[in-house]
Amino acid sequence: MQIKLKADSEFITEIDMSSDSRMRVPGLVFSPIGDVSRDSNEQALQQVVNVAMMQGIAKASIAMPDFHWGYGFPIGGVAGIRMEDGIISPGGVGYDINCGVSLLSTPINEHDFNARKNDLMDSLLRKIPVGMEKSRLRIREDHIESIIGGGLKIALEDGLAFDGDLSRTEDSGQFRVESTAGVSKMARKRGISFIGTLGSGNHFLEVQRVSEIFEPEIARDFLIHDLGQVMVMIHSGSRGLGHQVALEFMTEIQNHPEKISHPVDRQLDSIPLDSEVGQRYINSMNCSANYANYNRQSMISATREAFSKIFPSTDPEQYRLSYGISHNIAREEIHKVNGENSRLMVHRKGATRAFSADRMGGTAFEKFGHPVIVPGDMGTASYVLVGTEASSELSLGSSCHGAGREMSRKKAGESFNPEEVILEMERRGISLRAKYRSAISTEAPGSYKNIDMVVKSVVGAGIARVVARLTPLGVLKG
DNA sequence: ATGTTC
């Protein structure tokens, strides 16, 4: 099949509906046509076309500049399904339910950090289990029930959060759960084993310096104050619990008589929200999201402990959460479709919410809009952006979530020598603590798209504004 | 992403 691309503008590429007669809406990739049409994007582009064929899809099958191939949906994909069609597709959320990124503001500057860099990185590595290391929180079986039902509220009760953390976490860190019964025994068991752990692959904890501030007033609102200020970014998800939930529901739905079959890809099958299995999935997805929030919060708490111990003149309370964002979740939102407000089940998979200020009334971000935290690869830079009104018009209030893979894990593993990657990172003044050599290859900076180009694309398309640029000082990986 | 091969 020939996919027909046309440039809507310098940074917006449309996939014409004539590409395939089964498309219900066009595709929209927020990236220049020259980048979109590269050979390495071929499979992911086909997935954008496939998503455009889904029942109930409104507006467009959307992909961010960091899009790449995933399970059914591309990673970096956004799809709003009309609530009147009443369906949800687990492939549109993915295996790592509510994977996300939290950004911690610190009172430390880079000189303080560099003077104690080794002690601090060692302390973080002692406090936070990474890779295959198991949980050091001894959560009892009945407590996992509270965590999956209550999310960040339970972390607050457990002394892992401050009051202010809730208003600075997307959805206040709590997803609505009517029943936890859909989270299997196995999922709970895996959840207990790995609560409070970072994970592996692209998950990381990174100590960063503020290297550029583009919008000082907005940056202050996000607790980014000075050049050289140290920030801590934590990227992690719902570990084995979310994985188990995703796996079980994808399998169950494949064999379910009520499933809504996709015309070309079984991985894009959906399930009616008003079915028993649909309700069980929504609840279990939300349970996994709550678990992910508790998990990230426990590592924020460990980071506060490590820093305030190494820098005794500071208190844990001074390490304030800038924002915690979700990038793998489906939730109901209202968006304008053909000029009319429409209730949509918005699936974001490797994409973030990027609402403008007018959609953030009553929250901590009503003045400037929803923060968008965009981690780059471990050797380059990360960005903090803010949502725009144009994102509401164009991208269902969404933006990009990271650099996005350019190379498969397998290919990256074969292409990069870990020793050379470590040397190159050291040459750039970045201290890398990784548990396994393999992760250094598969996560090598060269296996990712260029983060500066990704951000240039979303800013150029108008769906976000750039607030600050952060560069890595120390990286902890699984 | 993932007790890294359901």
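In what follows, chains carry the letters A, B, and so on, assigned in the order in which the sequence lines appear, proteins first and then strands, with residues in each chain numbered from 1. No hydrogens, no waters, no symmetry mates; every other heavy atom, side chains included, goes into these values.
Aromatic rings of A:His235 and A:His327 (six-membered ring for Trp) have centroids within the 6.0 Å cut-off, being under it. For an aromatic pair to be called close, the ring centres must be under 6.0 Å apart, and A:Tyr323 with A:Phe222 fails this.
Note: NZ (A:Lys410) to C1' (B:dT4) measures 14 Å, nearest angstrom. The interatomic distance linking A:Tyr436 (OH) with B:dT2 (P) rounds to 12 Å, in whole Å. Separating the CE atom of A:Met186 from the C1' atom of B:dC6 is a distance of 12 Å, rounded to the nearest angstrom. Going from atom NE2 of A:His235 over to atom C1' of B:dT2 covers 14 Å, rounded to whole Å. In this structure, A:Arg239 places its CZ atom 11 Å from P of B:dT4, rounding to the nearest Å. For the pair A:Gln244 CD and B:dT4 C1', the interatomic distance rounds to 14 Å; values are reported in whole Å. Between A:Phe249 atom CZ and B:dT2 atom P the separation is 20 Å, expressed in whole Å. Between the NZ atom of A:Lys134 and the P atom of B:dT4 there is a distance of 11 Å, rounded to whole Å.
Within the nucleic acid shown, A:Met250 has no heavy atom closer than 4.0 Å to any nucleic acid atom. Across all strands, A:Ser200 comes closer than 4.0 Å only to sugar-phosphate atoms, never to a base (heavy-atom distances). Here A:Asn202 lies in heavy-atom contact (under 4.0 Å) with sugar-phosphate atoms only. A:Glu252 comes within contact range of no nucleotide atom at all, as no heavy-atom separation falls under 4.0 Å.
For the pair A:Leu247 and A:Gly240, nearest-nucleotide mapping onto DNA chain B gives the more 5' position to A:Gly240.
Other residues, nucleotides and ligands contribute only 12 or fewer heavy atoms inside 6.0 Å of the CD atom of A:Glu42.
Ring geometry for A:His401 against A:His68 counts as parallel: the plane angle stays under 30°, on a 0 to 90° scale with 60° as the upper cut.
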